[in-house]
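All residue numbers in this chain count up from 1 along the given sequence.
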Amino acid sequence: MKMMREDPADWLTMLARLGFAARGIVYLLIGVFAMDAALNGGRPSDNQGVMGTIAEAPMGRLLLVLCALGFAGYAIWRLTEAALDPEHRGENMKGRFERAGYAVSGIIHVGLAAAAAKLAMRQAAPASGSPGDQAAQSWSAWLLEQPAGPVLLALVAIAFFATAAAQALKAYKASFDDLAGDVPAPVQVRWLGRVGYAARALVFAMIGWFLINVVLHRNPDEAGGLGAALRQVREQDQGPILLLIVAAGLALFGLFSLVEARYRRLRVVTPRRP
């Protein structure tokens, strides 16, 4: 009975931590698969491709259920941060920008939670590689057909560039003040975050550049997600080496997320009853 009387925010906070763990596992696998692609060829995976691989593994459906719960908890945490501003980011331009970023992150993780749940319940067939690229092309094509669609798509691209800049700034500062004071090996953990956020900054910037090309050429086939970004890296001069570096960074970001699952200071705030 005591558990039933606990504050719902405590349960949501626990699910948010599970979301960090789920994100960590997914990014760790993305990095490992990308390193294998750099060394042995093959197609790098994105978030949905990795979850498709998990679905086919022993105990994969159970792990996907946990991922779905975790992503849902993480989404609720980010959306309540955007709506209720428990960290008092403020109403200035910087605060509004940060809260908008929280809202976008929440929406993205709602989609990840739904994808994981469908795979767990076998309502969707497991897909390998990077199915997110096709999804990016589909919604880019739909957006181009809307009134002022190119302008809206350009704004989405700018949002990706802004996110990339924020990730790069985090990598540069490496403050990570949200971690608790008892985190083990703080210097090493900060380097995990620094390298991981730098890799994510590059990926987000490339996704934004893909969308700019969609706008310039009116061709939604040029849109792409994480998988397309990793393939683009591999196609450059010294591509396998570059892909190996970026893949290692994404894997390290996964490890950093696992540390955050345990040591990040967070609490989901729920609206108070009148």
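One hydrophobic cluster, built from ILVMFWY side chains closer than 4.5 Å, holds both Trp191 and Tyr263. Linking Ile, Leu, Val, Met, Phe, Trp and Tyr residues whenever their side-chain heavy atoms come within less than 4.5 Å places Val215 and Trp139 in a single cluster. Side-chain heavy atoms closer than 4.5 Å link hydrophobic residues (I, L, V, M, F, W, Y) into clusters, and following such links, possibly through other members, connects Val104 to Leu143. In this structure, Phe253 is a member of the same hydrophobic cluster as Val187, with clusters built from ILVMFWY side-chain heavy atoms closer than 4.5 Å.
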Using a 3.5 Å cut-off and no angle test, enumerate the donor-acceptor pairs between side-chain atoms of residues 65-73 and protein atoms at least two apart in sequence or in another chain.
none

Return a table of donor-acceptor pairs under 3.5 angstrom between the side chains of residues 14-40 and protein atoms on other chains or two or more places apart.
unit_1, atom_1, unit_2, atom_2, d
Arg17, NH1, Ala261, O, 3.4
Arg17, NH1, Arg264, O, 2.8
Arg17, NH2, Arg264, O, 2.8
Arg23, NE, Ser257, OG, 3.1
Arg23, NH1, Tyr74, OH, 3.2
Arg23, NH2, Ser257, OG, 3.2
Arg23, NH2, Glu260, OE1, 2.9
Tyr27, OH, Arg200, NH1, 3.0
Asp36, OD1, Asn40, ND2, 2.7

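For Arg194, there are no salt bridge (charged side-chain N to carboxylate O under 4.0 Å, His left out) partners two or more places apart in sequence or in a different chain.
The heavy-atom pair separating Leu152 from Pro147 by the smallest distance is CD1-O, 4.2 Å. Between Met51 and Ala116, the shortest heavy-atom distance links the atoms SD-CB, 3.7 Å. Here the closest heavy-atom approach between residue Gly132 and residue Gln48 is recorded as CA-NE2, 4.3 Å. For the pair Phe161 and Ala205, the tightest heavy-atom approach, listed with the atom from each and the gap, is CE2-O, 3.3 Å. Closest non-hydrogen pair, Leu119 versus Gly52, comes out as CD1-N, 3.9 Å. Pairing each heavy atom of Gly208 with each of Ala157, the nearest pair is O-CB, 3.6 Å.
Under the 4.5 Å side-chain criterion, counting only non-hydrogen atoms from C-beta, Pro150 is in contact with Arg218. Counting only heavy atoms from C-beta outward, the side chains of Leu255 and Val259 never approach each other to under 4.5 Å. Residues Leu226 and Leu250 form a side-chain contact, since some pair of their non-hydrogen atoms from C-beta on lies under 4.5 Å apart.
Heavy-atom contacts from other residues, nucleotides or ligands closer than 6.0 Å to CD of Gln232 number more than 12.
Of the possible donor and acceptor atoms, one in the side chain of Arg265 sits under 3.5 Å from a partner among the backbone N and O of Leu179. Put simply, the side chain of Arg61 gets close to the backbone of Ala120: a donor and an acceptor are under 3.5 Å apart. Listed for the Asn213 side chain is no donor-acceptor partner under 3.5 Å among the backbone atoms of Glu222.
Trp209 pairs in a side chain to side chain contact (heavy atoms under 4.5 Å, CB included) with only one of the listed residues (Leu211, Ile212, Ile207), which is Ile212.
Atom NE2 of His109 and atom CG of Leu112 lie 5.5 Å apart (nearest 0.5 Å).
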Worked verdict on Val214 versus Asn219 for side chain to side chain contact (heavy atoms under 4.5 Å, CB included)
CA-CA 5 Å; Val214 171; Asn219 181 10; over 6 Å; no
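Aromatic rings from Phe176 and Tyr197 are positioned such that their centres are separated by under 6.0 Å.
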